Amino acid sequence: MEKTLNRLLVIFREMVANYKERGAIWKNIPLGKEAFELMKSLPPTVKGEFNTPADKAHLLSQMLDHMDEETTPRFAIGVREYMHSLDPKDEDNNRELKKLRDYIDLDFPMPEYCKRYRRHLKFDPIERTEQWEEVIYDIEKECHKRLRGVPRRMGFCFAHWSTKHDVLSKYGIDWNSPKRMNPRVIFD
């Protein structure tokens, strides 16, 4: 168990560092998945680490705070369902779980989703699919590689979106950037 706890500590530190690094949150996808599997392998309480199941759920919530849940919504739903089993009365978790379930429900219209959850920018519906979730880590990794050395300043989002569009097309995904989905919005 000590080995597992030490590995979790390393993972959580890496996740915090990635979260703080501009544009590196995508790196937390495999780390979050590994951490979740390790957390599930531990008992509901570990003296000195998490003394109640709710404490364990809180650690998982902190992990999700360092991820973009809408990038991997099905994974996040799995984590939040596990959190619910540990602490069913956590209303914040229950709300976020409902939001994610609505997000992946392709029958739930995007405009209604945006209105209900006060999301001001429209997004391409492809982002809600399993196909997207299965490849997004590889897509972001390739974009990062292609954009290495490009300064992260005003206007960078356009280079990132263009590159992302090109990489996604190699996977057979026709994606519309936030600019294309929100033509009246001025970005950077």
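Model, not experiment: these values are computed from the prediction. Atoms considered below: every heavy atom in the structure, side chains included; atoms not considered: hydrogens, waters and symmetry mates. The first residue in the sequence is number 1, and the count goes up from there.
Heavy-atom minimum distance, Trp175 versus Glu127: NE1-OE2, 2.8 Å. Nearest approach of Leu42 to Lys56, heavy atoms of both residues: O-NZ, 2.7 Å. For the pair Arg74 and Glu130, the tightest heavy-atom approach, listed with the atom from each and the gap, is NE-CG, 2.9 Å. Shortest non-hydrogen contact noted between Arg80 and Leu100 is CD-CD1, 3.9 Å. Ile29 and Thr71 get closest at one heavy-atom pair: CD1-CG2, 4.1 Å. Considering all non-hydrogen atoms of both residues, Glu81 and Leu97 come closest at CG-CD1, 4.0 Å.
A donor-acceptor pair under 3.5 Å links the side-chain atoms of Asn28 to the main chain of Met15, judged by distance alone. Distance alone, capped at 3.5 Å, places no donor-acceptor pair between the Ser61 side chain and the Ala57 backbone. Here the side chain of Ser169 pairs a donor or acceptor atom with the backbone of Asp166 at under 3.5 angstrom.
A salt bridge is absent between Lys99 and Glu69: the closest approach of a Lys/Arg side-chain nitrogen to an acidic carboxylate oxygen does not fall below 4.0 angstrom. Between Glu142 and Arg146 there is a salt bridge, since a side-chain N of the basic residue sits under 4.0 Å from a carboxylate O of the acidic one. The pair Lys164-Glu140 meets the salt-bridge criterion, since a charged nitrogen lies less than 4.0 angstrom from a carboxylate oxygen. Salt bridge status for Glu14 with Lys27: absent, with no side-chain N to carboxylate O gap under 4.0 Å.
For residues 32-56, the pairs satisfying ring-ring contact (aromatic ring centres under 6.0 Å, His included) are Phe36-Phe75, Phe36-Tyr82, with sequence neighbours left out.
Taking the six-membered ring for Trp and thresholds of 30 and 60 degrees, Phe187 and Phe158 have ring planes more than 60 degrees apart, a perpendicular arrangement.
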### Task
Output, in order, the C-alpha distance, side-chain angles, deciding distance and verdict of side chain to side chain contact (heavy atoms under 4.5 Å, CB included) for Leu38 and Ile11.
CA-CA 10 Å; Leu38 291 172; Ile11 291 170; 3.8 Å; yes
### Task
Could you go through the salt bridge (charged side-chain N to carboxylate O under 4.0 Å, His left out) check for Asp138 and Lys141 one step at a time?
CA-CA 5 Å; Asp138 295 328; Lys141 186 176 180 179; 5.9 Å; no
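His165 pairs by the side chain to side chain donor-acceptor pair (under 3.5 Å) definition with nothing, not counting sequence neighbours.
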Run the side-chain donor-acceptor check on residues 110-121: report pairs under 3.5 Å with partners two or more places apart or on a different chain.
from	atom 1	to	atom 2	distance (Å)
Tyr113	OH	Glu70	OE2	2.7
Arg116	NH1	Asp102	OD2	3.2
Tyr117	OH	Asp102	OD2	2.5
Arg119	NH1	Glu70	OE1	2.2
Arg119	NH1	Glu70	OE2	3.4

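The 12-atom threshold is not exceeded at CZ of Arg13, counting heavy atoms of other residues, nucleotides or ligands nearer than 6.0 Å. With a 6.0 Å radius and a threshold of 12 heavy atoms from other residues, nucleotides or ligands, His58 has its NE2 atom at or below the threshold.
Side-chain atoms of His84 and Asn94 include a donor-acceptor pair closer than 3.5 Å.
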